[in-house]
Amino acid sequence: YTMREARIERIETLIVDLPTIRPHHLSMAVMRNQTMVIVRLFCSDGIEGVGEATTIGGLSYGNEFPEGMKFTIDTYLAPLLTGKPATSINAVMAELEHQVQGNNFAKSAIETALLDAQGKRLGVPVSDLLGGAVTNTLPVLWTLASGDTDKDIQEARDLLANGRHHTFKLKIGRKDPSVDIAHVAAIKQAVGADVKVTVDVNQAWTESAAKQGIAKLQEAGVDLVEQPIVKTNFDGLARLTNYFRVPIMADEAVATVSDAFKLAKIGGGSVFALKISKAGGLTNTQRQAAIARGAGISLYGGTMLEGTIGTLASAHLFSTLSDLDWGTELFGPLLLTDDIVKKRITYANGGMELPQGPGLGIELDLNQVEKYKRK
Ligand code: MUC
Ligand code: MG
């Protein structure tokens, strides 16, 4: 046996449904559970890599959905990948790029599984395969989105008291802007000037509504405004970025590497929310980070509310970025009542710890997988 001979032997996918600890209200959906596609990639040297493809609210957030991602991987990606060298990750991903249009969430799960397997093979964490971590902990904010202002304030107070988080993101855009803005102002007032509060509109406003709304959010002391307008309006995002003092973050708009380039070129956003799913994998996300660095755009470690596997894949990548000015929102596993891995991520003091073990640094708990697997 030599490492070079390890081949992709078989790929298995399964859908897992996990309940959330409370309803999570976003402009486009209310989540009561989260659905994940788990990829198990078995190699000829006996090593297994795992990956995760997860979105938010079925088809309401992105153009991929859990049942479709499973079908895509089973029907198209797995046959393409079977027999390929498991250690040539760049070559395998280039082949996928060439043969499969779009389907970035599914591609990200495959690249994650390949990197996990390779890390296990070499006995190093995934971050080492990406040039090495610059930190062993990442800052993690919490999203207040219970749908009720008083409940959100109580949640914030509890989390500040136990120290788990000291930055909050609010989700708005479901209600009338005046109601949403009053909600934000009340929470900002309650947590105080020292606590950073960001707001995600998830594309809900027109550009003119955004011009009025952001002015009021700025007045209320909000620290950052995320994706206020429809993702396709790149020029509008540039106009808002130029117009306001409060930083504007691109999220849905900056999906692919080429989106990052086009937005950077016109100043669409002063911060980019990076997500391995949108970009089609960890390597593509590194490419977006390089574009942002060249353009002087700040970075933020985003989430698609993944479970532990997707969260750790993101965390390994984010840990290699020396300029993650806005921290991360890698709290996905904390929104779920249970997990499918043997040891959950440690969250404390406004951050998370990166596992030091090989690959992603986790092990699937097959009993738990069986319990939550869609039958
Ligand atoms: C988004 O648009 O950023 C991230 C945190 C959260 O609560 O929702 C996500 C999606
Ligand atoms: Mg967002």
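When a ligand or atom number is given, it counts from 1 through the structure's own listing order. Everything quoted here is computed from the prediction, not taken from an experiment.
Remark: R22 engages E155 in a salt bridge, criterion side-chain N to carboxylate O under 4.0 Å.
Residue-to-ligand polar distances keep E252 apart from ligand 1: every N/O pair is separated by 3.5 Å or more.
In the vicinity of D251, heavy-atom distances shorter than 4.0 Å reach the ligand 1 atoms 1 (C), 2 (O), 3 (O). Taking a cut-off of under 4.0 Å to the non-hydrogen atoms of L26, the atoms of ligand 1 that pass are 8 (O). Close approach of ligand 1 to E226 (heavy-atom distance below 4.0 Å) involves ligand atoms 3 (O). Near D200, with a cut-off below 4.0 Å to any heavy atom, the atoms of ligand 1 are 1 (C), 2 (O), 3 (O). Listed by number with element, the atoms of ligand 1 under 4.0 Å from a non-hydrogen atom of I56 are 9 (C), 10 (C). The contact set between ligand 1 and K275, taken as ligand atoms under 4.0 Å from a residue heavy atom, comprises 1 (C), 2 (O), 3 (O), 10 (C).
In terms of heavy-atom proximity, H24 sits nearest to L305 at CD2-CD1, 3.8 Å.
Screening Q227, Q203, K275 against D251 for a side-chain hydrogen bond (donor to acceptor under 3.5 Å, both in side chains) leaves a single residue, K275.
In terms of distance to the Mg ion (ligand 2), the nearest N, O or S atom of E226 is named OE2.
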side-chain hydrogen bond (donor to acceptor under 3.5 Å, both in side chains) between K70 and T13, worked out: CA-CA 6 Å; K70 176 173 165 42; T13 57; 2.9 Å; yes
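With a 4.0 Å cut-off on non-hydrogen atoms, W142 does not touch ligand 1 at all. For T303, heavy-atom contacts with ligand 1 shorter than 4.0 Å involve the backbone as well as the side chain.
For atom 8 (O) of ligand 1, the closest non-hydrogen atom on the protein side is K171 NZ, 3.1 Å. Among protein heavy atoms, atom 7 (O) of ligand 1 sits closest to H24 NE2, 2.7 Å. Nearest protein neighbour of atom 2 (O) of ligand 1, counting heavy atoms only, is Y61 OH, 2.6 Å. If you check which protein heavy atom lies closest to atom 4 (C) of ligand 1, you get E329 OE2, 3.2 Å. In terms of protein heavy-atom proximity, atom 3 (O) of ligand 1 is nearest to K169 NZ, 2.9 Å.
A donor-acceptor pair shorter than 3.5 Å cannot be found between the side chains of D339 and Q368. One side chain, Q154 or D158, offers a donor N or O that lies under 3.5 Å from an acceptor on the other. For S146 and D148, the side-chain atoms include no donor-acceptor pair closer than 3.5 Å. Using modelled atom types and a 3.5 Å distance limit, the side chains of T35 and D17 yield a donor-acceptor pair.
The angle subtended at the Mg ion (ligand 2) by OD2 of D200 and OD2 of D251 is 180°, given to the nearest 10°.
Distance CG/L144 to NE2/H183: 7.5 Å, rounded to 0.5 Å.
Checked against the 6.0 Å centroid criterion, the rings of F168 and W142 do not qualify as a close aromatic pair.
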